[in-house]
Protein chains: 2
Amino acid sequence: MNEQECEQQRWQAAERLALVLNAGGLQRMSARVLAVFLFTGAETVTMGDIADRLSVSAGSVSGAVKTLLSTGLIERLPAPGSRREHYRLREDAWPTLFSTQNTVVHVMLQATQAGMAATSSGDPAHHRLGRMRDFYEFLLEELPGLLRRWQGRQEVT
Amino acid sequence: MNEQECEQQRWQAAERLALVLNAGGLQRMSARVLAVFLFTGAETVTMGDIADRLSVSAGSVSGAVKTLLSTGLIERLPAPGSRREHYRLREDAWPTLFSTQNTVVHVMLQATQAGMAATSSGDPAHHRLGRMRDFYEFLLEELPGLLRRWQGRQEVT
DNA sequence: GCTAAAGTTCGGAAATTTCTGAAGTCTTAC
DNA sequence: GTAAGACTTCAGAAATTTCCGAACTTTAGC
């Protein structure tokens, strides 16, 4: 396998992963940009690098980078007096992504509680909502332990 | 609070929950139909019931019900020689939904492995992909135990 | 078998999301 | 201070998703 073939495969894999990240909840452009951060051979990238690689407009890259920054998946490097800003994937990007996805659970719980307040205890809906609440409360209870176990494993390495 | 106010609140809560389910990955119409299954005061519902409640076309309901059936969130009841098919929320709907959402993780892992195959071990991308793979493999390892603990808690009740 | 109600399918309209491109702002270097 | 490059913003175009509705299929009841 020569170098060109490898590069081709690398970016094919990147686009495939972008599709999955997209299915997992990320916006399409955010997913593609995140894939660049993952698959680039460089330690850091600039917005221009990303725009070139994906052949998309600077505006799109700007928006996606802003989103990824605000969700804590990437970080801006303390720029050494450079003209261009440099960014890179954060070390704990994946636990972060996992955690933010679980904020949805919180909102779900609030909705179930509103529903239970609007139904009497004899109502089948009241019972159903109770079961739903129980499950998601269980999930939230389990979350901290899960992340702690992950961090514990990291320290060993 | 009189009966009408309660009904109004009930379905307001239902629509709110539908929005959250939508944000959590479900299609818009599937989410709204699932909310009806949760919030209805009846034990079971027919497609006609759903269409009336949401004021949407029979076609839309048909599509959404088909999806919810295939993902195991609802079930068709062994119809007692009736003209209309009856459906209801499955008892283990929420663990099921949770598990299906985690099939995304499997696909993600496959993509990381393809990426690692296309990069050499000296490449920064190789290292990044390795970290991503480690985290999601960890998650998959934790999943069975999590569901087992949930089932254990259910049996006690 | 016929009828009528229930459910399904699918083409295209409508609505929403997503991206671009151009204009504007900020920063750096000279 | 000025010019040039990097980044941001936003209105509108493009693409995609989503839904309706009409035609079609199936099934229960007679």
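Below, read A as the first sequence line, B as the second, and so on, with proteins coming before strands; counting in each chain starts at 1.
Take Q113(A) and apply the side-chain hydrogen bond (donor to acceptor under 3.5 Å, both in side chains) test, not counting sequence neighbours, and it matches no residue. Taking W11(A) as the reference, nothing meets the ring-ring contact (aromatic ring centres under 6.0 Å, His included) condition, with sequence neighbours excluded. Looking at residues two or more places apart in sequence or on another chain, you find a side chain to side chain contact (heavy atoms under 4.5 Å, CB included) between V107(A) and V20(B). Residues passing the side chain to side chain contact (heavy atoms under 4.5 Å, CB included) test with A35(B), sequence neighbours excluded: A14(B), A18(B). Residues forming a side chain to side chain contact (heavy atoms under 4.5 Å, CB included) with R90(A) (at least two apart in sequence, or on another chain): E75(A), D92(A).
Across residues 18-56 of chain B, Q27(B), R28(B), M29(B), V56(B) each have a non-hydrogen atom less than 4.0 Å from an atom of DNA chain D (numbered order).
Between the axis at the start and the axis at the end of the helix from dG1(C)-dC30(D) to dC30(C)-dG1(D) there is an angle of 30°, using five pairs per end and rounding to 10 degrees.
Evaluation of the side-chain hydrogen bond (donor to acceptor under 3.5 Å, both in side chains) test over residues 54-63 of chain B, restricted to residues two or more places apart or in two chains, returns S57(B)-S60(B).
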Would you give me the side-chain donor-acceptor pairs under 3.5 Å for residues 129-141 of chain A, sequence neighbours excluded?
| unit_1 | atom_1 | unit_2 | atom_2 | d |
| --- | --- | --- | --- | --- |
| R131(A) | NE | E91(B) | OE1 | 3.2 |
| R131(A) | NH2 | E91(B) | O | 3.2 |
| E141(A) | OE1 | R153(B) | NH2 | 3.0 |

Table please: side-chain donor-acceptor pairs of residues 23-31 of chain B below 3.5 Å, with sequence neighbours left out.
none

Contacts table for residues 114-122 of chain A: side-chain donor-acceptor under 3.5 angstrom, sequence neighbours left out:
| unit_1 | atom_1 | unit_2 | atom_2 | d |
| --- | --- | --- | --- | --- |
| T119(A) | OG1 | G115(A) | O | 3.1 |
| T119(A) | OG1 | M116(A) | O | 3.4 |
| T119(A) | OG1 | H126(A) | ND1 | 3.0 |

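A donor-acceptor pair under 3.5 Å links the side-chain atoms of R128(B) to the main chain of F37(A), judged by distance alone.
Computed from coordinates, the R76(B) CZ to dT27(D) P distance equals 10 Å when rounded to whole Å.
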What N/O pairs connect the protein and nucleotides 9-13 of chain C at under 3.5 Å? Give each pair on its own line.
| unit_1 | atom_1 | unit_2 | atom_2 | d |
| --- | --- | --- | --- | --- |
| dT9(C) | OP2 | K66(B) | NZ | 3.4 |

